[in-house]
Protein chains: 2
Amino acid sequence: MKKLSPTIRDVAAAAGVSVATVSKYMNGAQRFSAPVEARLKAAIEELGYRSNPLARSMITGRSRTIGLTILDISNPHFTNVVKGANRVALRHDYTLLLVDTDENQARERPLIEALAQRVDGLIVSSRIPDDEAQWLLDLDKPLVLLRRSDALPLPSVGIDNRLATYMLARHLLNLGHRHIAYLGFGQARINDERIRGARECLEEAGLTLDVYDAHAPTAHAGEDACSRVMLGPRRPQAVICYNDLIALGFMKEAASLGIRVPHELSVTGVDNVPYGEYAAPALTTVDIQSEKMGELAMQKLIDALAGHAAAGHSTFEPRLIVRESTAACG
Amino acid sequence: MKKLSPTIRDVAAAAGVSVATVSKYMNGAQRFSAPVEARLKAAIEELGYRSNPLARSMITGRSRTIGLTILDISNPHFTNVVKGANRVALRHDYTLLLVDTDENQARERPLIEALAQRVDGLIVSSRIPDDEAQWLLDLDKPLVLLRRSDALPLPSVGIDNRLATYMLARHLLNLGHRHIAYLGFGQARINDERIRGARECLEEAGLTLDVYDAHAPTAHAGEDACSRVMLGPRRPQAVICYNDLIALGFMKEAASLGIRVPHELSVTGVDNVPYGEYAAPALTTVDIQSEKMGELAMQKLIDALAGHAAAGHSTFEPRLIVRESTAACG
DNA sequence: GTGAAAGCGCTAACAG
DNA sequence: CTGTTAGCGCTTTCAC
């Protein structure tokens, strides 16, 4: 029993044709005479031949593989992005090469550069500042960014972050809250946009926004930040968190501190992760259509790969999801 | 401004050496005379040369890529597996090729077969029955299974599912519950083991287990199943769910039905997903160390790739996490 | 329709 | 240490 898989030459020999013919047959490149086609089919079946995608890629320069770099697969937002991107990729017969940079900035560049060499195109979510991102363009691969970037001439998809937090702030104002805090995540580029949205809304009402920072975009960081925010000198009536994970942690810790949500404190997040719905109380948030973002990013990339003109930026509309973690100011 | 990336030949020419020398230099295969090394370094820097991993792989037969197939990246259990596997892969300079089969059985085989051709080895989580899995062995690639399989001579990692639900049942018995139901997911192979564990424990106490089935391993399915279980003729005092997601959905729906958890009903899951902690009430569950499973699976595969004898099956010990969704029977 | 030949970019002996 | 020489498995002109 032999081990090594059969090559195109084995098939050619078995079928009594040339390798060129086998190649064309495998690629459905043209039509064949009945007898040749029959022998080809038989030989391939017989040998269990499967063409070597590596050899093929080396020549064609295409691997039917797309790279996706994200910051942390544990974050349900990214999980959904991956889910969406993967679905579209599969549909078009592409395979996803996933790289999780683990929120580690130093790692990003080498990882992405290495990845770029093995794929036909990339979808990138990173914390790289626009002005340090020149090398991204030098990758010479079709690229789609998972955030808006005016500085980089790259197609991208994202949401209107300003509007997202504006909506949240408006919702809280409508509920009668006047003292509203924002618990952000400064490392994220979009943090500023989110601050701005909330602040603008409050300023229109003649109010100001107290800004705090969590040290990670995680539930754990939200827990850690809670006492600092709630037991400090400027205890807010409502808190807008950078994302749902932080909000979830914050709510849990608030409960531990004996603060009742939403009666004594309203809490909101952003992302609409699947588990906000099962939290205690269910989390009011803004849906940013993570899965759709992944789908669209992949679709754009595949379009670009197919030679269609690269699209510009696409923005998804945020949608407020009111649940039980916000209530009238009492 | 030229586009095509420089090849090893360009570097050789620029440095005035042979391609073999460049190749060896790139692979750090040996030492070089100072002048040659200097020229090499300069030429590479100058041209921005990066070796083509495809061409290299074709010869060496190694791609430093590992395939991981999972059923659904949205399930936090798998998310953690991916996280763990990715971490170990990165540490060893491997890249993860992720395939999410979307709980679609028909898709699995072609996807895995295609994946197998592009990677050095695979970690597989699938619903393929052991007796239909012969083709997995024919892949001729190092493989690690994410579940125990006595029928397949493959290394694997998993947990003691029997013990997991046994522990849960014991915990509920200790709390005084006598009428305990199991809400499973029949499609999963390990479902039977989980039923058995709970059943054995109850039988030792002279009790029987009522078994129900959710139609998916998701929170939504848990919600759907709730009324069927709780408003049927045999209303249980406690429910052991196949996994945390189902449990989370079940709890939420129970609340909607006016059933207070844990006072009127104890609910448990399995997996210890990150958000069970933030649910209402916090979910009692069994930790199965998903991330560690991913790490170990990857470690085993990398060891196998490095020529070390393939290990057999490794079992993680489940650990009961008591939170607030279980309480003394009242 | 079919085949011969020339590589893709790189590595792997083997000489020197 | 460095270079020569064969290819890896496949696609791609370009004749026939």
Subject >> Inter-residue atom distance A:Thr21.OG1 - A:Met26.CE, 0.5 Å rounding >> reply: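 One finds 13.5 Å between OG1 of A:Thr21 and CE of A:Met26.
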**OP:** Supply the atom-to-atom distance A:Ser125 OG to A:Met293 CE, rounded to the nearest 0.5 angstrom.
**Re:**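 Going from OG on A:Ser125 over to CE on A:Met293, the span is 7.5 Å.
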Could you tell me whether the side chain of [Y] reaches within less than 4.5 Å of the side chain of [X], counting heavy atoms only?
X	Y	result
B:Val22	B:Arg9	no
A:Glu113	B:Arg50	yes
B:Asp102	B:Leu71	no
B:Glu108	B:Leu111	no
A:Gln299	A:His92	yes

Subject >> Flag, side chain of A:Arg189 to backbone of A:Ile128, donor-acceptor distance under 3.5 Å >> reply: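 Confirmed, A:Arg189 side chain pairs with A:Ile128 backbone.
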[X] [atom1] to [N] [atom2]: how many Å, rounded?
X	N	atom1	atom2	result
A:Arg39	C:dT2	CZ	C1'	11 Å
A:Gln30	D:dT12	CD	P	12 Å
A:Phe32	C:dT2	CZ	P	7 Å

**OP:** Determine, for nucleotides 7-16 of chain C in 5'-to-3' order, which nucleotides have protein heavy atoms under 4.0 Å from the base (write B), from only the sugar-phosphate (write S), or from neither (write -).
**Re:** BBBBBBB---
**OP:** Determine to 10° how strongly the helix from C:dG1-D:dC16 to C:dG16-D:dC1 is bent, judged from the axes of its five-pair ends.
**Re:**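 It works out to 30° between the end axes.
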Subject >> Presence of salt bridge, B:Glu37 and B:Arg31, under 4.0 angstrom >> reply: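 Salt bridge between B:Arg31 and B:Glu37, a charged N being under 4.0 Å from a carboxylate O: no.
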**OP:** Under 4.0 Å from any atom of DNA chain C, heavy atoms only: list the residues of residues 109-120 of chain A that qualify, in numerical order.
**Re:**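 None - not one residue of the stretch has a heavy atom sitting under 4.0 Å from the strand.
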Subject >> Contact under 4.0 Å: B:Thr21 side-chain N or O vs D:dT2 OP1/OP2 >> reply: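 False: B:Thr21 side-chain N/O out of range (4.0 Å or more) of D:dT2 OP1/OP2.
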**OP:** Mind listing the closest non-hydrogen atom pair of B:Asp72 and B:Phe78 along with its distance?
**Re:**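 Between these two residues, the closest heavy atoms are O-CD1, 3.5 Å.
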